[in-house]
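Keep in mind that what you see is a predicted model, and the values were worked out from it rather than measured.
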Amino acid sequence: MNDGDESADKYEFVADLTMTGIPVSQGVVKGYARVSVSLEEAANLKIGEILITYYTDIGWSPYFPILSGVVTELGGLISHGAVVSREYGLPCVVGLQGATKRFRTGDYVLLDGKKGILQRLPQPEQ
């Protein structure tokens with residue numbers, strides 16, 4: 001769910017985990033995290049999830065159309081994840097070392113591709 005004008009600033013007091021990396025593709029999105037450190041785990045991705053992984057390469061490309069955002073521990077402005085995220089208009093932050101260990105699949109997160117921030121938020125009301 002893309003929340004246009006929202007940013008990490010709005011949630012800094014309720015987030016219990018915040019990491020900052022390099023913003024490489026604009027946009028702000030909230031959604032459920034999917035931590036996948038291998039292509040085998042990527043097969044479990046669901047539509048709208050925010051991928052958190054070490055890095056992406058061409059093997060990950062088929063998953064980008066279903067994602068709502070991308071976070072990688074490695075990479076830079078011209079890394080695979082950054083370039084493909086920009087092509088699909090997905091928020092993307094790279095260089096969040098340790099993100100695959102600190103975040104868990106199912107965490108509700110805000111990804112701010114303008115500021116390079118990933119925050120874990122309280123689960124939304126059902």
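In the hydrophobic cluster analysis, where Ile, Leu, Val, Met, Phe, Trp and Tyr join through side-chain heavy atoms closer than 4.5 angstrom, Leu96 is grouped apart from Val24. In the hydrophobic clustering of this structure, Ile47 groups with Leu45; members are Ile, Leu, Val, Met, Phe, Trp, Tyr whose side-chain heavy atoms approach within less than 4.5 Å, directly or through other members. Taking hydrophobic clusters as Ile, Leu, Val, Met, Phe, Trp and Tyr residues chained together by side-chain heavy-atom distances below 4.5 Å, Val93 shares a cluster with Val29. Taking hydrophobic clusters as Ile, Leu, Val, Met, Phe, Trp and Tyr residues chained together by side-chain heavy-atom distances below 4.5 Å, Leu74 does not share a cluster with Ile22.
Under the 3.5 Å distance criterion, the side-chain polar atoms of Ser85 are left unmatched by any main-chain donor or acceptor of Ala82. Of the possible polar contacts, one joining the Gln123 side chain to the Gly106 backbone as a donor-acceptor pair under 3.5 Å is found.
Heavy-atom minimum distance, Val35 versus Glu41: O-OE1, 3.9 Å. Leu90 and Ser25 get closest at one heavy-atom pair: O-OG, 2.6 Å. When all heavy atoms of His80 and Asp57 are compared, the pair lying nearest together is CE1-O, 3.0 Å. What you find for Ser79 and Val94 is that their closest heavy atoms are OG-CG1, 4.2 Å. Between Leu39 and Gly59 the shortest heavy-atom distance is CD2-O, 3.4 Å. Closest approach of Lys30 and Ile50 over heavy atoms only: C-CD1, 4.1 Å.
Counting only heavy atoms from C-beta outward, the side chains of Leu17 and Asp107 never approach each other to under 4.5 Å. When side chains are defined from C-beta on, Tyr108 counts as touching Pro124, because their heavy atoms get closer than 4.5 Å. Looking at Leu51 and Ser36, their side chains come closer than 4.5 Å, going by heavy atoms from C-beta outward. Proximity of Ile117 to Thr18: side-chain heavy atoms (C-beta onward) are separated by under 4.5 Å at one or more points. With contacts defined as side-chain heavy-atom distances shorter than 4.5 Å, the pair Tyr63/Thr56 does not qualify.
To the nearest 0.5 angstrom, Ile52 atom CD1 is 8.5 Å from Thr100 atom OG1. The structure places CD of Glu73 at 7.0 Å from NZ of Lys101, a figure rounded to the nearest 0.5 Å.
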Can you check side chain to side chain contact (heavy atoms under 4.5 Å, CB included) on Tyr32 and Lys46, steps first, answer last? CA-CA 9 Å; Tyr32 291 97; Lys46 293 180 178 57; over 6 Å; no
List the steps and the verdict of side chain to side chain contact (heavy atoms under 4.5 Å, CB included) for Val28 and Leu110. CA-CA 7 Å; Val28 178; Leu110 178 133; 4.2 Å; yes
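By the 30° and 60° cut-offs, the orientation of the rings of Phe64 relative to Tyr88 is parallel.
More than 12 heavy atoms of other shown residues, nucleotides or ligands fall within 6.0 angstrom of atom CD in Glu87. Counting non-hydrogen atoms of neighbouring residues, nucleotides and ligands closer than 6.0 angstrom, the CZ atom of Arg86 exceeds 12 such neighbours.
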